[in-house]
Amino acid sequence: MTAIAHVPPTGGTATPPPEPGRSNKLTPYFLLLPAGLALLVFFVLPILTLINTSLQSGGLEEGYTFTWSFSNYWDVWVDYWPQFLRSFVYAGSATVLAILIAYPIAYMIAFKAGQWRSILLVLIIAPFFTSFLIRTLAWTTILSDTGPVTSFFRSIHVLALTDWIGLTSDSRILATPLAVILGLTYNFLPFMTLPLYASLEKQDPGLLQAAGDLYASSWQGFWKITWPLSLPGVISGTLLTFIPAAGDYVNATFLGSMRESMTGNAIDALFLRIRDYSHAAALSVSLMAAIVVLVIYYVRRSGTEDLV
Amino acid sequence: MTAADLNTGTGGLKIRGLHKHYGTFTAVDGIDLDVPEGSFFALLGPSGCGKTTTLRMVAGLEEPTAGEIMIGGKDISRQRPYQRPVNTVFQSYALFPHMTIFENVAFGLRRRKVDGVDAKVKEMLDLVEMGHLAHRKPTQLSGGQQQRIAVVRALVNKPKVLLLDEPLGALDLKLRRQMQLELKRIQTEVGITFIHVTHDQEEAMTMADTIAVLNKGKVEQMGAPVDLYENPRTAFVAGFLGQTNLLTAKVVGTSGDVLTTDFHGIKITMPVSRMAATTQEVEVGVRPEKIHIAELGEAPVGRNVVDGVIIDASFIGVSTQYVIRTLADAEEEITVFTQNSSTSLRRVGETVSAYWHPDHTFGLHEGAWQEAEAAEVAS
């Protein structure tokens, strides 16, 4: 074949490969440097400082010294276990409520909203345009003793029931556990809705058709297909709701009373008013450790690595 | 296949007067179909012809505006999808990504609480030689393997009719050929009625016993692949199933079984049964591969002969495609495919006689060439 003679010799005019050098090998590390430094300065060092503080002893007048005083941890547990317990009960209840409210919303937006989808998504995040404090304060008006919500539930005797359970007291909603749980649910609802929406939206609607074709009722189709495939969203939504809710103190401050104070309120008081830094630090570390242990257990249990 | 064979068993599908309107748009406009039990039936047509809508109405995923759908003589058109003795293979396969292959195939059996799930699933996986992949997840399989699983996931439920919605659309060409043969083998083995929706005429002809060609919500023609190809009754079918030559001519008379037409003084004859038009002005058609080329005036006796000048010759390896402009009418061109069994090729500019057997001629209504051309583009 004569054509071959016209093919230019290979390699002669090819661009030389980039020179292998030390700079190329180090490039990834240079790219990691900003994030690594930020993590070190804003995360690792503060945590180490916090742990260090939590093991000090002394007082505001005589000064704090590092003495490996693990007794701080025992002290805060003895003094603040009710706050600790409330943090987890309130945050847990708010998370469950948030799933129950957010799942239908996310489902509707993902599968039924059609052209309204983007507008509804904007509405979900619209509350963020207002300050967290203002929104929480607004709930004090909504749940006030003479407001329509409290009057309505009092008139249909729901408050008598919640009084009996212990969720409310004296036939009022404000300054009760219920108010704090409602506030937490409301404030962290978007963090539950958005991950749920993301995991539902990417599901192929053909899967449900196939399930229907294979004799599944709509109910079975939901529990066998939609729900398991949305578990990654449920898990990330749960974490995004539970973790900040467990550390929150704003809702308990405005919507609760002394009887509803959470770990966050105790830390706030210890650090800023009592100025007992070592015990405040010990309580912070305890809360953090408890959340980490709970999250690890939860993620392991739900077996996300098996999901797509 | 005669009418008496139809719907005698339990798995035959019969559709009568099926309509589907979306507002003012008519997707399916009065379809009648008879699918014999155990046959491989193809619904063929361009996109938007109503083939998928028809399939979805049989599956119960769409509700017909009017009409009857009967399986084994029983009207199922008002039944819920899961009550119907049909299962569907979806275009995207729709395998459940969080379940193993085994659980995917077992899904329908478990919902119906059938006994002996393990054995039935295993039998199906063996049918497609994929038993060793039972514990994989769908994403760990190749496209062809996913396709096979989608088919057996439906088949394990022993439907009377299996519906396949463009099941090979997502595969590349080579795999598609392979799967066509595989699907045909599976169908022969299980003996279940398959209804296959496709826009690929080659795919339909390779696999199906019977094809219904759909256009604009109506059945254009129904029959065995070879009948549709050799004796198209409409311009759409002629154009959609391969290339065709159409010459404008006048009917001058019939004697016995032979119908004679006149093309600018040239007699072109054909069997009476192959003329689909009843008017005097008609178009006579012949497939490009049926035409032979001879030296001018040397065509054998008893053939239809049109003389012309070769204006284009393209060598394609196994065959050569010629375009001949007729001497009788410079507007008319004839395309000819010849096998390259001899080494000498005709040259552009040669004047030759193109001839073909009268039995290969078919007749369509006047103006058919425009529709045929449009259909060829759509195919």
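Numbers restart at 1 for each chain; the letters A, B, ... are given by sequence-line order, proteins then strands.
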State whether R56(B) and D165(B) are salt-bridged, where the test is any N-O pair (Lys NZ or Arg NE/NH1/NH2 against Asp/Glu carboxylate O) under 4.0 Å.
no
Is it the side chain or the backbone of L163(B) that comes within 4.5 Å of chain A heavy atoms, both, or neither?
neither
At a heavy-atom separation under 4.5 Å, does D204(A) approach chain B through its side chain, its backbone, both, or neither?
side chain
If one checks every heavy atom of R110(B) against chain A at 4.5 Å, the contacting part turns out to be neither
Polar contact flag, side-chain donor to acceptor under 3.5 angstrom, E166(B)-H196(B)
no
Salt bridge or not for K122(B) and D126(B), using N-O below 4.0 Å?
yes
Under 4.5 Å to a heavy atom of chain A? For T88(B) that would be both
Looking at Y22(B), I'd like to know if the NZ or CZ of K20(B) sits under 6.0 Å from its six-membered ring centre while staying within 45 degrees of the ring's axis.
yes
Hey, would you say the F191(A) and F128(A) ring centroids sit under 6.0 Å apart?
yes
Under 4.5 Å from any heavy atom of chain B, what part of Q220(A) do you find: side chain, backbone, both or neither?
side chain
